[in-house]
Protein chains: 2
Amino acid sequence: MLEQNAITEEQKQIARLAKALGHPIRIAILEMLSNQACCYHGDMSQVLPIAKSTLSQHLHELKEAGFIQGTITPPSVKYCINAENMAQADKLFHKLLSGKISLQCKTNE
Amino acid sequence: MLEQNAITEEQKQIARLAKALGHPIRIAILEMLSNQACCYHGDMSQVLPIAKSTLSQHLHELKEAGFIQGTITPPSVKYCINAENMAQADKLFHKLLSGKISLQCKTNE
DNA sequence: TTTATTATTCGCAAAAATACGAACAATTTT
DNA sequence: AAAATTGTTCGTATTTTTGCGAATAATAAA
């Protein structure tokens, strides 16, 4: 009987990042911010098919995960990409997804 | 008033993939498979701190998303990475996360 | 054929995510 | 000071995810 291996912190971190990306609206938000530098909440609200309060929640989650930053510019709020954290996430995903597989196996489905 | 933009299929696809990666156990599974070529359900079951039935569910989700493949080798089941789909996911995430941001903005938090 | 072995599916319970409108806060304009 | 503008937070309802053990299926071994 092998030991019940604990999940590593890095595995938890990757999962946390992936979870934050796990909703179409949040992907759309990131793409908007990537393409147009920065956006105001109001601008995104007009484009995305969700209520303003729901948008706030999604923005909060992306902020929590470190993907974006928000700046209050009264009376509106400007959001933009956190480029460093995006790059860091990119690295982590790449490390996982580009895994050098030592052996390739045949499957029947 | 701008149009209520629909979410693109690609955005949905990225979100789907990210969602499948959004759990520590599933990240651990992928890393095991990446490092040790292929694994049997039973082997993973002994290492991971979850019930066998729960493991089956996680494996099903990873399979559904295309990250892994399962082969029945009676009486056990062998799982392995779907390298092509992993690479494809890697590409999609990279495209999103490496976004060429045209303007960097200053923030106060 | 009966008994083991291995893994999935089922049925259920608990927790988390999603979404909305109303209420609230902060600032600007009138 | 009152009204308008912009976003967030609150309260709630619905759906989805997560997790388990029991039951089931499929095959191998006795």
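What you see below is based on every heavy atom in this structure, not just the backbone, and it leaves out hydrogens, waters and symmetry mates. All chains are named by letter (A, B, ...) in the order of the sequence lines, taking the proteins before the strands, and each is independently numbered beginning at 1.
- For B/S53, the side chain to side chain contact (heavy atoms under 4.5 Å, CB included) criterion is met by B/A51, not counting sequence neighbours.
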How would nucleotides 4-15 of chain D be written as a contact map, 5' to 3', with B for base contact, S for sugar-phosphate-only contact and - for no contact, using protein heavy atoms under 4.0 Å? --SBBB------

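- Protein chain B touches strand DNA chain C; the 5'-most and 3'-most nucleotides with an atom under 4.0 angstrom of its non-hydrogen atoms are C/dT6 to C/dT9.
- Considering only residues two or more places apart in sequence or on other chains, B/E31 meets the salt bridge (Lys or Arg N to Asp or Glu O under 4.0 Å) condition with none of them.
- Shown here are the ring pair (Phe, Tyr, Trp, His ring centres under 6.0 Å) partners of A/H41, two or more places apart in sequence or in another chain: there are none.
- Take A/A87 and apply the side chain to side chain contact (heavy atoms under 4.5 Å, CB included) test, not counting sequence neighbours, and it matches no residue.
- Pairs engaging residues 7-18 of chain B under the salt bridge (charged side-chain N to carboxylate O under 4.0 Å, His left out) rule: B/E9-B/K12, B/E10-B/K95 [sequence neighbours left out].
- Screening residues 18-27 of chain B for salt bridge (charged side-chain N to carboxylate O under 4.0 Å, His left out), with sequence neighbours left out, gives B/R26-B/E61.
- Of the residues in residues 11-30 of chain B, those with a non-hydrogen atom less than 4.0 angstrom from any atom of DNA chain D are B/K19, B/H23, B/R26.
- By the side chain to side chain donor-acceptor pair (under 3.5 Å) test, B/H60 pairs with no residue at all, sequence neighbours left out.
- Considering only residues two or more places apart in sequence or on other chains, B/E64 meets the salt bridge (Lys or Arg N to Asp or Glu O under 4.0 Å) condition with none of them.
- At whole-Å resolution of the value, CD in B/E64 and P in D/dT16 are 15 Å apart.
- The ring of B/H23 has its center closer than 6.0 angstrom to the ring center of B/H58.
- When the side chain to side chain contact (heavy atoms under 4.5 Å, CB included) test is applied to B/A89, the partners found at least two apart in sequence or on another chain are A/L97, B/L17, B/F67, B/F93.
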